Amino acid sequence: MRAGLPQKIKGLSMHQDFGGCGTAVPDRANELRVTSLKQMGATGWRTAHNPVNTEILDFTDRHGMLVWSENRNLERQVIGLTMGKPHVN
């Protein structure tokens with residue numbers, strides 16, 4: 001639901017790194033990525049494995065895209081290893 005209305009999310013999962021830049025991506029490249037996704041019809045972006053930088057979140061906000069910000073749990077304790085178990089097939 002968004003603004004009280006159901007919305008189908010069309011998007012993809014992407015890492016924040018970019019070509020030869022690694023994670024030190026210039027703002028122009030991040031904005032290009034977001035505008036290109038919008039032009040393709042995407043309405044959402046799932047971050048892959050790590051939180052993205054705030055600039056990407058600013059660009060997605062500006063373009064009205066939803067973001068599912070993922071962060072891996074690499075905890076070695078038993079509770080950390082079993083937290084996601086009900087969600088993994």
Side-chain angles (χ1 to χ4, degrees):
M1 290 281 215
R2 187 172 178 179
L5 301 170
Q7 179 178 349
K8 186 174 185 174
I9 301 171
K10 295 183 244 170
L12 50 129
S13 176
M14 292 179 67
H15 292 262
Q16 87 170 15
D17 61 335
F18 190 82
C21 300
T23 57
V25 182
D27 288 348
R28 288 182 62 191
N30 282 326
E31 188 164 31
L32 173 66
R33 183 182 264 181
V34 172
T35 55
S36 297
L37 292 174
K38 279 301 279 188
Q39 289 173 354
M40 292 170 35
T43 59
W45 178 331
R46 178 182 153 256
T47 65
H49 315 307
N50 298 299
V52 295
N53 60 39
T54 56
E55 289 78 18
I56 290 177
L57 296 176
D58 290 342
F59 294 137
T60 53
D61 279 348
R62 214 173 296 152
H63 290 278
M65 290 182 73
L66 300 172
V67 176
W68 174 345
S69 186
E70 179 184 290
N71 193 3
R72 294 186 335 192
N73 181 357
L74 300 176
E75 195 173 314
R76 291 180 183 206
Q77 297 174 359
V78 173
I79 192 166
L81 295 173
T82 59
M83 280 176 40
K85 192 172 182 178
H87 307 291
V88 178
N89 293 330

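Remember, predicted model here, so these are calculated numbers, not experimental data.
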Inset, instruction - Have a look at V34 and tell me which of H63, Q39, E55 forms a side-chain contact (heavy atoms from CB on, under 4.5 Å) with it. - result: H63

Inset, instruction - Identify the heavy atoms of G41 and K10 that sit nearest to each other, and give their distance. - result: O-CB, 4.0 Å

Inset, instruction - Indicate the atoms forming the closest heavy-atom contact of M65 with A42, along with that distance. - result: CE-CB, 4.1 Å

Legend entry - Side-chain heavy-atom pair R33, W45 within 4.5 angstrom cut-off: yes

Legend entry - Cluster overlap I56 with V25, hydrophobic side-chain contacts below 4.5 Å: no

Inset, instruction - Search all heavy atoms of D27 against all heavy atoms of F59 and return the closest pair with its distance. - result: O-CE1, 3.5 Å

Inset, instruction - Would you kindly confirm whether L66 and L57 end up in one hydrophobic cluster when ILVMFWY residues are joined by side chain heavy atoms under 4.5 Å apart? - result: no

Inset, instruction - Evaluate whether atom CG of L12 has more than 12 neighbouring non-hydrogen atoms of other residues, nucleotides or ligands under 6.0 angstrom away. - result: yes

Inset, instruction - For the residue pair D58 and N30, establish whether any side-chain heavy-atom pair is separated by less than 4.5 Å. - result: no

Inset, instruction - Tell me, with the steps shown, if V52 and T60 meet side-chain contact (heavy atoms from CB on, under 4.5 Å). - result: CA-CA 11 Å; V52 295; T60 53; over 6 Å; no

